[in-house]
S.K.: 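Starting off with a structure, shown below.
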Amino acid sequence: MNQILFFFFAACAGGSALAMVTRRSPVASAVWLIGTFFSVAAIYTLLGAYFIGIIQILVYAGAIMVLFLFVIMLLNLGHNAEADMRGVPWQGAAVVVGLGVFGILTSVFVRGYRPPLGNEAGRAALDNAQAMNGTVGLIGMPLYQDFMIPLQATAILLLIACIGAVVLAKRKV
């Protein structure tokens, strides 16, 4: 039953994310992004990470999306939907990036997933890792050793988002 729900919420998250990037209205995109956040929170809950699921809803779907909607309304992006960057070069770039992400995910599934704490699981593995590296090391060591590429990709995405926000805010300079 958990696998069926997992695949259902994964499909909802993927569909919501696809709908978010294909909508012309920024407000509609923000609403689809909220749907994605709720689907991801459901996946976290299915995996037993209740705290992260609740934080996902409270922080991302609640506070950050309200901030996004205020910014969208302040920038008044909804009236000039034709002038946004949806030309053929941007669509080609989106296809290339999408194929790259698909390739990375395929390679992860083909090679198999190795948990950050090894094949051990449960409270004993966490206690052993915390005793060896401390609480900060328990989070930091896998983050910088096993998840270096996702961490760097996240940093690049945040930088691109910051640059995009500045470009949108300074459109008439």
Side-chain angles (χ1 to χ4, degrees), residues 1-109 113 139 142-143 147-173:
M1 184 65 181
N2 275 349
Q3 284 189 336
I4 293 171
L5 287 174
F6 176 82
F7 286 116
F8 171 75
F9 286 119
C12 287
S16 297
L18 183 65
M20 182 201 73
V21 297
T22 56
R23 300 298 99 186
R24 289 207 174 265
S25 169
V27 175
S29 292
V31 171
W32 280 108
L33 184 60
I34 292 172
T36 305
F37 287 150
F38 274 105
S39 298
V40 171
I43 291 171
Y44 283 138
T45 303
L46 285 174
L47 294 175
Y50 303 109
F51 179 75
I52 295 175
I54 290 172
I55 291 299
Q56 176 81 18
I57 291 173
L58 290 178
V59 173
Y60 289 102
I64 292 178
M65 286 313 299
V66 168
L67 179 67
F68 278 12
L69 285 175
F70 277 127
V71 169
I72 288 169
M73 290 176 185
L74 285 175
L75 291 176
N76 201 12
L77 294 175
H79 297 290
N80 196 8
E82 290 82 23
D84 61 357
M85 297 179 281
R86 293 184 191 258
V88 173
W90 289 103
Q91 290 174 353
V95 168
V96 168
V97 170
L99 288 175
V101 170
F102 181 74
I104 291 171
L105 289 175
T106 302
S107 71
V108 167
F109 284 120
Y113 176 71
I139 297 170
L143 187 64
F147 298 106
M148 181 57 114
I149 292 175
L151 181 69
Q152 295 295 324
T154 303
I156 290 171
L157 284 175
L158 289 174
L159 178 65
I160 291 170
C162 290
I163 292 171
V166 169
V167 168
L168 288 174
K170 297 291 181 184
R171 187 177 277 181
K172 295 179 182 175
V173 173

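We're numbering straight along the sequence, starting at 1.
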S.K.: Could you state the interatomic distance from CD1 (Ile156) to CD1 (Ile149), rounded to the nearest 0.5 Å?
M.R.: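 CD1 of Ile149 is found 10.5 Å from CD1 of Ile156.
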S.K.: My understanding is that only residues two or more places apart in sequence, or in another chain, count here; which of them pass side chain to side chain contact (heavy atoms under 4.5 Å, CB included) with Val31?
M.R.: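 By the side chain to side chain contact (heavy atoms under 4.5 Å, CB included) rule, Val31 matches no residue at all.
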S.K.: Nearest 0.5 Å please: distance from the CE atom of Met65 over to the CD1 atom of Ile57.
M.R.: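 Going from the CE atom of Met65 to the CD1 atom of Ile57 covers 14.0 Å.
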S.K.: Identify, with sequence neighbours excluded, every residue that meets side chain to side chain contact (heavy atoms under 4.5 Å, CB included) alongside Ala28.
M.R.: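 Checked Ala28 against side chain to side chain contact (heavy atoms under 4.5 Å, CB included); matches are Arg23, Ser25.
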S.K.: Testing Val96, Val95, Val97 for side-chain contact (heavy atoms from CB on, under 4.5 Å) with Leu99, which one passes?
M.R.: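 Exactly one pass, corresponding to Val95.
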S.K.: To the nearest 0.5 Å, tell me how far Ile43 CD1 sits from Ile52 CD1.
M.R.: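 Spacing of CD1 (Ile43) from CD1 (Ile52) equals 13.0 Å.
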S.K.: The criterion is side chain to side chain contact (heavy atoms under 4.5 Å, CB included); which residues satisfy it with Thr106, sequence neighbours excluded?
M.R.: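 If we apply the side chain to side chain contact (heavy atoms under 4.5 Å, CB included) test to Thr106, skipping adjacent residues, the hits are Phe102, Val110.
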S.K.: With ring-ring contact (aromatic ring centres under 6.0 Å, His included) as the rule and sequence neighbours excluded, what pairs involving residues 1-43 come up?
M.R.: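 Applying ring-ring contact (aromatic ring centres under 6.0 Å, His included) to every pair that reaches into residues 1-43, excluding sequence neighbours, yields Phe37-Tyr60.
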S.K.: Please check this pair: side chain of Ser16 against backbone of Ala13, looking for a donor-acceptor N/O pair closer than 3.5 Å.
M.R.: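 Not a single qualifying donor-acceptor pair exists.
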S.K.: Check whether any side-chain N or O of Thr45 sits under 3.5 Å from a backbone N or O of Gly53 as a donor-acceptor pair, and report yes or no.
M.R.: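 Checking the backbone N and O of Gly53 against the side chain of Thr45, no donor-acceptor pair under 3.5 Å is found.
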S.K.: Which heavy atom of Pro150 sits nearest to which heavy atom of Thr154, and what is that distance?
M.R.: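 Smallest interatomic distance, heavy atoms only, reads O-OG1, 2.7 Å.
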S.K.: Could you state the interatomic distance from CD1 (Ile34) to OG (Ser39), rounded to the nearest 0.5 Å?
M.R.: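 OG of Ser39 is found 12.0 Å from CD1 of Ile34.
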S.K.: Quick one: side chains of residues 157-165, donor-acceptor pairs under 3.5 Å with protein atoms, not counting sequence neighbours, listed by atom name and distance.
M.R.:
none

S.K.: Mind checking side chain to side chain contact (heavy atoms under 4.5 Å, CB included) for Ile54 and listing every partner two or more places apart, or none if nothing turns up?
M.R.: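 Scan of Ile54 (side chain to side chain contact (heavy atoms under 4.5 Å, CB included), adjacent residues dropped) gives Leu58.
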